[in-house]
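Below: the structure, in structure tokens.
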Protein chains: 2
Amino acid sequence: MSDELLTIRQMCDAFDVTPRTLRFYEARELIFPERRGQHRLYDRRDRARLTLILRGKRFGFSLEEIRQLLELYEPGGTNRTQIAATIDVGRQRLSDMEQQYAELRIAIEDLKLQLTDAEARLAAMSSDTTKG
Amino acid sequence: MSDELLTIRQMCDAFDVTPRTLRFYEARELIFPERRGQHRLYDRRDRARLTLILRGKRFGFSLEEIRQLLELYEPGGTNRTQIAATIDVGRQRLSDMEQQYAELRIAIEDLKLQLTDAEARLAAMSSDTTKG
DNA sequence: CGTTTCGCTTACGTTCGCGTCAACTTGTGA
DNA sequence: TCACAAGTTGACGCGAACGTAAGCGAAACG
């Protein structure tokens, strides 16, 4: 079903990214597709990670920040201090995101106001004034 | 009161940016401080714009996108089509931001889950397992 | 059998958002 | 008058996140 392996092209189509991007993320150690011969093959885990990567990017996080976060989404049980550090990173990101969430709400309301204002102004100059 | 003119340094201190940044924004036509001789002076309007610029950046908009949006916040009454275009830009941004707002909510909940999971795992390996 | 097609690597190019000089003017104070 | 601070304009530099082109191997297609 969803645990089939995808080629790089299928991945690109599915996620709307370029091959270059996928190879780049791999070089930065954000995803680890297996190699069948020379070719890369992406499994469900890779897809999940890519989803998180794109999501993280959307919120303005750098690839390095995302890389650190990704450790949280894997049961990569190393040692206690390692895990604790990862958790701290996650908490920091969470805090950032909640902050951003609040700011975004304000920005949205603000923009809405300006829009209704501008729309009113536009309506006020009813269809003449076009000729300048 | 709040309509005093600020020097570039005062602006930098107030908004935690560098002079280079302010001049750069000016070069990109995002702010237009007046010139008293050679020196730049920033008024209330400039400060308002800078606030919006920094806010926009926070949400991942490019300076060019922000520049377009800024027109919405000024009564720069040119002609109808011009204003209408600006409004369209604003509506697009608003749509983007509302989309991002929703995604951010999901991402936050998701991250929270992973965090509690990780914290549970950390607690489970109660203080031994430290030795590799 | 030649030739696309797909993918791989290597490597240089590009855009954005500034940082970092260098060199110059302008006011201010000892 | 000299120095110094604050500001100015170039110009080059830089890291992030890719784009793009060159050149190669392997597979599939007619």
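Note on naming: letters A, B, ... go to the chains in the order of the sequence lines (proteins, then strands), and numbering restarts at 1 for each one. Owing to the predicted nature of the structure, the values given are computational and were not obtained by experimental measurement.
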Under 4.5 Å between side-chain heavy atoms, hopping through other hydrophobics if needed: is there a path connecting I53(A) to L41(A)? no

Is there a path of hydrophobic side-chain contacts, each under 4.5 Å between heavy atoms, that joins I87(B) and M125(A)? yes

What I want to find out is whether D117(A) reaches R121(A) closely enough, with some N-O distance under 4.0 Å, to be called a salt bridge. no

Return a single string for nucleotides 5-23 of chain C, one symbol per nucleotide in 5' to 3' order, where B is base contact, S is sugar-phosphate-only contact and - is none, cutoff 4.0 angstrom on heavy atoms. --SSB-B-----BBBB---

Chain A footprint on DNA chain D, 5' to 3' - any atom under 4.0 Å from a heavy atom: dA17(D) to dT20(D)

State plainly whether the residues R91(B) and D88(B) are in salt-bridge range, i.e. N to O under 4.0 Å. yes

Looking at every heavy atom in both R49(B) and L70(B), which two are closest together, and how far apart are they? NH2-CB, 3.5 Å

Just jot down the salt bridge (charged side-chain N to carboxylate O under 4.0 Å, His left out) partners of R105(B), sequence neighbours excluded, or say none. E109(B)

Please check if any side-chain donor atom of D96(B) sits under 3.5 Å from a side-chain acceptor atom of Q92(B), or the reverse. yes

